[in-house]
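In this text the structure is predicted, and so the values were computed from the model without any measurement. Note that these values count all heavy atoms, side chains included, but never hydrogens, waters or copies made by symmetry.
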Amino acid sequence: MHSVDVNESIEKSRFGGFQWGVVAICGLLLVVDGYDVFIAGTVLPTLINEWGLTKPEAGILQAWALFGMLFGALIFGSLADKAGRRTGVLISFVLFTVATFCTGYAQDPTQFKIARFLAGMGCGGLMPNAVALVSEYSPKRLRGTMVALMFSGYSLGGMVSAGLGIFMIPAVGWRPMFWIAAIPLLFLPLIWWKLPESLGFLIKRGEQDKAKAILARLTGSPPLAAQQTLIVTDSKGGKASLPELFRHGRSLQTLMLWTAFFCCLLLVFLLSSWLPKVMQEAGYAERASLLTLFSLNFGGMVGAIVGGRLGDRFGLPKVVVAFFVAATVSIALIGYSLPVAALFTLVFIAGATVIGTQILLYASVAQLYDLSVRSTGLGWASGVGRIGAIVGPTLGGVLLARELPLQQNFLIFAMPALVATIATLVYALSLRGAGRPQPAAVAVAQR
């Protein structure tokens with residue numbers, strides 16, 4: 001019986017309409033995901049005024065969605081290794097769109113927290129599964145660009161949230177901002193029909209016929225004969241479990257990437273939750289303060305794409321370290337009295353090197369682990385990151401309640417970026433010390 005390696009087939013195939021479809025669907029799902037995540041920072045100033053919240057209370061209110069993301073990343077990441085990545089993506093998508101729609105009917109902070117927790121679970125489950133799915137269907141030579149393009153949808157969703165908030169909140173209030181989230185559910189049948197299951201998962205389950213049919217669509221060639229068997233090379237082949245993430249000399253790399261995830265997501269949600277409110281208190285009008293959130297996400301979209309390309313050329317670890325250095329400097333400088341153009345430039349750079357760096361970290365995790373535990377590795381790294389995401393808005397509320405000078409606040413905000421710089425530097429050096437090849441771009445090693 002002749003065996004055919006799926007990874008080799010994908011590497012040799014021309015990147016065509018099938019793969020573009022996977023990237024496009026997952027990218028559009030991340031647009032909705034990004035909208036859901038960043039809508040909280042858009043409506044936060046309005047909620048503070050309407051419900052009479054203190055800043056620490058507002059920070060905790062934001063943290064409930066992020067607490068849900070923690071559980072979602074852990075639950076749906078592991079679920080995907082057992083039930084399929086396509087299943088994990090679809091369940092996550094339905095959960096966060098329905099819960100976000102229901103958030104618009106919240107009458108008090110308690111109802112708001114419950115709805116945002118459920119929405120957060122869906123958001124937390126979508127990201128690692130979408131990254132893993134696009135990575136699997138992209139050849140190594142293009143994987144960085146494709147995953148980065150997909151991930152740019154996340155920041156685009158944040159831009160849509162900020163842009164709509166500028167016009168809708170003053171006119172119709174904050175509730176319709178959440179109701180709009182139900183519109184993408186109309187495309188659920190199309191997503192169900194067009195989004196393929198992971199080839200590796202199908203082969204692992206012994207569903208050879210389905211895997212052969214998908215591979216034929218991907219390569220544009222006739223389906224393989226019955227006597228041919230699809231395989232996926234996976235040298236370590238461990239079970240989808242937490243202990244497996246620390247085996248094969250990966251303990252230090254796992255811990256350093258978890259540290260970087262924690263700090264990066266802390267910064268993402270600290271800035272996305274509190275930047276508009278901080279700018280308003282610094283004297284900027286509501287529209288101008290929401291434009292800083294737009295600039296932050298525009299930077300994130302550019303940073304994801306540019307980071308992927310730079311990683312392809314110079315190596316992923318170097319780019320991650322450089323991005324965190326730039327994040328540290330730009331965030332620290334935002335608090336100084338600067339011209340408006342300089343302020344928006346710094347916010348743009350911060351978005352590019354914080355939000356954009358998320359994709360580089362997801363890619364680092366994805367390339368570190370083998371196929372059998374990849375979604376578990378992505379889920380756990382994302383879950384640890386979500387702890388940082390919970391800390392971010394809560395820390396911001398506590399710090400702002402102390403009414404520290406603006407400059408001092410942003411110097412404190414820059415500290416997690418510095419810690420992430422150190423962690424990713426240790427990660428890069430540990431790879432070199434272990435004699436492992438430096439991963440090029442956001443490639444996922446199909447070993």
Side-chain angles (χ1 to χ4, degrees), residues 66-67 69-78 81 124 127-128 131-132 135 235-270 307 311 315-325 327-328 353-354 357-392 395 414-439 442-445 447:
L66 309 175
F67 193 55
M69 289 180 189
L70 167 62
F71 281 90
L74 298 179
I75 293 171
F76 293 116
S78 298
D81 283 324
M127 181 72 74
V131 170
S135 297
S235 62
K236 298 183 179 71
K239 295 182 179 180
S241 63
L242 177 61
E244 185 66 25
L245 305 182
F246 292 88
R247 292 174 182 149
H248 310 293
R250 295 185 295 222
S251 296
L252 181 60
Q253 288 91 346
T254 295
L255 292 174
M256 290 301 99
L257 287 177
W258 283 7
T259 301
F261 256 90
F262 177 91
C263 294
C264 186
L265 269 72
L266 185 155
L267 286 169
V268 168
F269 291 97
L270 171 64
L316 181 57
K318 294 178 183 177
V319 176
V320 172
V321 173
F323 269 38
F324 275 128
V325 170
T328 303
T353 54
V354 173
T357 305
Q358 282 186 89
I359 185 56
L360 303 181
L361 290 177
Y362 273 107
S364 297
V365 173
Q367 82 83 32
L368 183 62
Y369 303 113
D370 304 290
L371 178 65
S372 60
V373 294
R374 187 163 296 143
S375 284
T376 298
L378 286 165
W380 273 93
S382 183
V384 171
R386 298 303 173 185
I387 299 175
I390 294 168
V391 172
L395 175 65
M415 291 178 65
L418 180 60
V419 174
T421 302
I422 297 171
T424 50
L425 181 60
V426 172
Y427 169 76
L429 293 175
S430 69
L431 287 178
R432 184 175 302 175
R436 296 186 181 182
Q438 295 286 307
V442 287
V444 179
R447 291 167 287 186

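- Summarising the geometry, atom CD1 belonging to Ile390 is positioned 10.5 Å from atom CG belonging to Leu265; distances are rounded to the nearest 0.5 Å.
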May I have the list of side-chain donor-acceptor pairs in residues 416-426 shorter than 3.5 Å, sequence neighbours left out?
{"unit_1": "Thr421", "atom_1": "OG1", "unit_2": "Phe324", "atom_2": "O", "d": "3.4"}
{"unit_1": "Thr421", "atom_1": "OG1", "unit_2": "Ala417", "atom_2": "O", "d": "2.8"}
{"unit_1": "Thr424", "atom_1": "OG1", "unit_2": "Ala420", "atom_2": "O", "d": "2.8"}
{"unit_1": "Thr424", "atom_1": "OG1", "unit_2": "Thr421", "atom_2": "O", "d": "3.1"}

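- Checking each of Val321, Val319, Val320, Val325 against Phe323 for a side-chain contact (heavy atoms from CB on, under 4.5 Å) leaves exactly one that passes, namely Val319.
- In terms of heavy-atom proximity, Phe262 sits nearest to Val384 at CD1-O, 3.8 Å.
- For Cys264 against Leu361, the heavy-atom pair with the smallest separation is CB-CD1, 3.7 Å.
- Here the OH atom belonging to Tyr427 is positioned 7.0 Å from the CG atom belonging to Leu316, to the nearest 0.5 angstrom.
- Between the CG atom in Leu257 and the OG atom in Ser364 there is a gap of 5.5 Å [rounded to 0.5 Å].
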